[in-house]
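Structure first, commentary second.
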Amino acid sequence: MTDEPPRAGRRRTRLYALTDGRTAAPHTALTMDTTITAAVAEDARGGLPSEWQAVLAMCPPPGGLAVAEIAARMRMRLTPMTLLLGELADRGLIHHRPPLEESETTDARLLMRIRDNLARI
């Protein structure tokens, strides 16, 4: 499966059907900068709805994508996407990681390692 979102001419599932009519995630609250990675192997996704499969395909471990980027690629509004991803998290189909704390992003050693690795590319 590719990372491409559904084409404009293809019929899309209504948002309330994707979220089972929910307006809030029951257990998992995600922010737009939360990183999402798939928790199930590609061969175990066969019986899932196509939208769920598309999300899982674009979020392979270890990197994953931010919630906002997933929403943009799927051409879906952020609120329904967070509900959909909350459902996937509650079912154990994805892992979610909060964004780095400010103290983690200002670690000089980490920044120097990133700089050095980028210089090698």
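Interatomic distance, CG of L84 versus CG of L88, reported as 5.0 Å (0.5 Å rounding). To the nearest 0.5 Å, atom OG1 of residue T82 and atom CE of residue M32 are 11.0 Å apart. Note that SG of C59 and NE2 of H95 are 12.0 Å apart. Values are rounded to the nearest 0.5 Å.
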*Evaluation steps, side-chain contact (heavy atoms from CB on, under 4.5 Å), between V55 and L85*: CA-CA 9 Å; V55 168; L85 293 171; 3.5 Å; yes
*asked:* For a side-chain contact (heavy atoms from CB on, under 4.5 Å) check, start with the C-alpha distance between L93 and E87, then their side-chain angles and the critical distance, and finish with the verdict.
replied: CA-CA 9 Å; L93 298 172; E87 178 73 22; over 6 Å; no
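A heavy-atom distance below 4.5 Å is not found between the side chains of M81 and L30.
In this structure, P61 and A38 approach most closely via the heavy-atom pair CG-O, 3.7 Å. The shortest non-hydrogen separation linking E51 to M74 is O-CE, 3.9 Å. When all heavy atoms of A39 and G92 are compared, the closest pair comes out as CB-O, 3.6 Å. When every heavy atom of I36 is checked against every heavy atom of H96, the shortest pair comes out as CD1-CB, 3.8 Å.
Exactly one residue among T37, I70, L56 makes a side chain to side chain contact (heavy atoms under 4.5 Å, CB included) with I94. That residue is L56.
A donor atom on one side chain and an acceptor atom on the other are found under 3.5 Å apart for T34 and T31.
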